[in-house]
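To start, the structure under review is shown below, and the notes come after it.
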Amino acid sequence: MKIGYPCINQQLDCTSSKTFRLASYSEERLITLVEQNLACLRRILEYNVANGLLFFRLSSGLVPFASHAVNSYNWQEHFQMTFRRLGEYIKNNQMRISMHPDQFVVLNSPNEQTVRNSIAELEYQGSIMDLMGLDTTAKLQIHGGGAYGDKPSALSRFAEVYHTMLPDAVKARLCVENDDRTYSLQDCMYLHELTGMPIIFDNFHHECLSNGEPMAEAVQMAASTWQEKDGLLMMDYSSQAHGERKGKHVQHIEEQLFHDFLSETEGLDMDLMLEIKDKEASALKALEVAKAMGRL
DNA sequence: CGCGGTCAAGTGGCT
DNA sequence: AGCCACTTGACCGCG
């Protein structure tokens, strides 16, 4: 089991997703920012290795406007060596990497332009992993998309786009994650049957939306969709913020709940991404709890 | 130098 | 109808 957190480290005084406004786009600016973002990413990875956090989600914002039409610069070539060195560091330290394209990536949108933009974004994020030389256990994690009042049609559209439009380099890494209001684990299982994509299981989303599967059973279902080439099951772990609207993530890990989750899933192995507001602080707590329970 | 309106992109649920 | 949340607030013009 590896444990990690997404995108941002609050201990460090840098971020790996600095950006700027489209209106002020220039190649010089792009190059400067990507340099800074990758330098910060290096520091974050070093922090993670020093602290035993071996799972990390790269920010989608490493290269601003990477999939936007305004950007015709060959940043892949320009930063080739930097990416390669980052990848070497990741591999030498046995870290696991994921990326989570944001809410604008919707493969089943009825709007063709949205689908094209989504594919371009997936190609960008996959290319980061390719430039790093990571194998196909490094994953791209998206949701099912919209339902548009007709979920069966939306699911078929997803599968059609998957089979007819997605490049192999994207398909090799693409995973679907159950969300908290539209696509449940069961819906993701159906998408898995249509496409072969592994399912990234989110325990908190499952608590918000499911078809009644107990947690351990749900984890097992998701785990069954992962093949050798995909690596170990990836999971997002979180819990409800008290007194806030349903689906909002807690500020800090609730150790008892996390302990309960590990007990329920005893005998199952997975890599856990802690989607909790205070980032590495909760991930470090989780690491302690998991260690004490003999799960690492 | 601090404030706050606004930012590339989509969708659905809540008020 | 407009706001909010989402993997993450941050940029930048203005006073």
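This structure is a prediction, so every number in the text was calculated from the model and none was measured. Residue numbers start from 1 in every chain, and the chains themselves are labelled A, B, ... in the order their sequence lines are given, proteins ahead of strands.
When both pairing distances are held under 3.5 Å, B/dG2 makes a Watson-Crick or G-U pair with C/dC14. Under the Watson-Crick and G-U wobble criteria, each requiring two contacts below 3.5 Å, nucleotide B/dA9 is left unpaired.
Taking a cutoff of 4.0 Å between a charged side-chain nitrogen and a carboxylate oxygen, A/R173 and A/D130 qualify as a salt bridge. We find that A/R42 and A/E46 are joined by a salt bridge, their nearest charged nitrogen and carboxylate oxygen being less than 4.0 Å apart. Using a 4.0 Å cut-off between a side-chain N of Lys or Arg and a carboxylate O of Asp or Glu, A/R57 and A/D236 qualify as a salt bridge.
At the phosphate of C/dC6, OP1 or OP2 sits under 4.0 Å from a side-chain N or O atom of A/K277. A close approach under 4.0 Å does not occur between any side-chain nitrogen or oxygen of A/S67 and OP1 or OP2 of B/dA9.
The distance between atom CZ of A/R181 and atom C1' of B/dG10, rounded to the nearest whole Å, is 10 Å. Note: OH (A/Y25) to C1' (C/dC12) measures 19 Å, nearest angstrom. Atoms CD1 (A/I119) and C1' (B/dA9) sit 15 Å apart, rounded to a whole Å. Per the geometry, CD belonging to A/E121 stands 14 Å off C1' belonging to C/dT8, to the nearest Å. Across the protein-nucleic acid pair, A/Y124 atom OH and B/dA9 atom C1' stand 14 Å apart, rounded to whole Å. Nucleotide C/dG9 holds its C1' atom 14 Å from the CD atom of A/Q251, rounded to whole Å. The separation between A/D180 atom CG and C/dC6 atom C1' is 8 Å, rounded to whole Å. Following rounding to the nearest Å, A/Y183 (OH) and B/dT11 (P) show an atom-to-atom distance of 11 Å.
The side chain of A/K18 has C/dC11 as its nearest neighbour among C/dC12, C/dC6, C/dC11. Comparing B/dG13, C/dC11, C/dT8 by their closest approach to the side chain of A/Q103 singles out C/dT8. Comparing C/dC11, C/dT8, B/dT11 by their closest approach to the side chain of A/K279 singles out C/dT8. Considering only side-chain atoms of A/F65, the nucleotide from C/dT8, B/dA8, C/dC11 that sits closest is B/dA8.
The nearest heavy atom of DNA chain C to A/L58 and to A/F20 marks one nucleotide each, and the one closer to the 5' end goes with A/L58.
With hydrogens and angles left out, the side chain of A/R21 and the base of C/dC11 share a donor-acceptor pair within 3.5 Å.
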* Could you give me the CA-CA distance, side-chain angles and deciding distance for A/F204 and A/L257, then say whether side-chain contact (heavy atoms from CB on, under 4.5 Å) is met? => CA-CA 11 Å; A/F204 181 36; A/L257 289 179; over 6 Å; no
* **Pair A/R157-A/D150, salt bridge (Lys or Arg N to Asp or Glu O under 4.0 Å): steps then yes or no** => CA-CA 11 Å; A/R157 215 159 48 238; A/D150 180 358; over 6 Å; no
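Among the atoms of the strands shown, only primed sugar atoms or phosphate atoms (P, OP1, OP2) are found under 4.0 Å from some heavy atom of A/Y148. Heavy atoms of A/T114 sit under 4.0 angstrom from primed sugar atoms or phosphate atoms, though from no base atom. Counting any heavy atom pair closer than 4.0 Å across all strands shown, A/A147 reaches sugar-phosphate atoms only and no base atom. Within 4.0 Å of A/R29, counting heavy atoms only, lie sugar-phosphate atoms of the nucleic acid but no base atom. A/S24 comes within 4.0 angstrom of the backbone, heavy atoms only, and of no base.
With both ends at atom C1', the span from B/dC3 to C/dA5 equals 24 Å, rounded to whole Å. When the P atom is used for both B/dG5 and C/dT8, the distance is 23 Å, rounded to whole Å. Across C/dG9 and C/dC4, the matching C1' atoms stand 14 Å from one another, rounded to whole Å. B/dA8 and C/dC12: their P atoms are spaced 10 Å apart (whole Å). Rounded to the nearest Å, the gap between the P atom of B/dT6 and that of C/dC3 is 11 Å.
Ring geometry for A/Y162 versus A/F158: interplanar angle under 30°, hence parallel rather than tilted (30 to 60°).
By the 5.5 Å and 30° criteria, A/F104 is not stacked with the base of B/dG10.
Proximity of the aromatic rings of A/H206 and A/F201 is defined here by a centroid distance below 6.0 angstrom, and this criterion is met.
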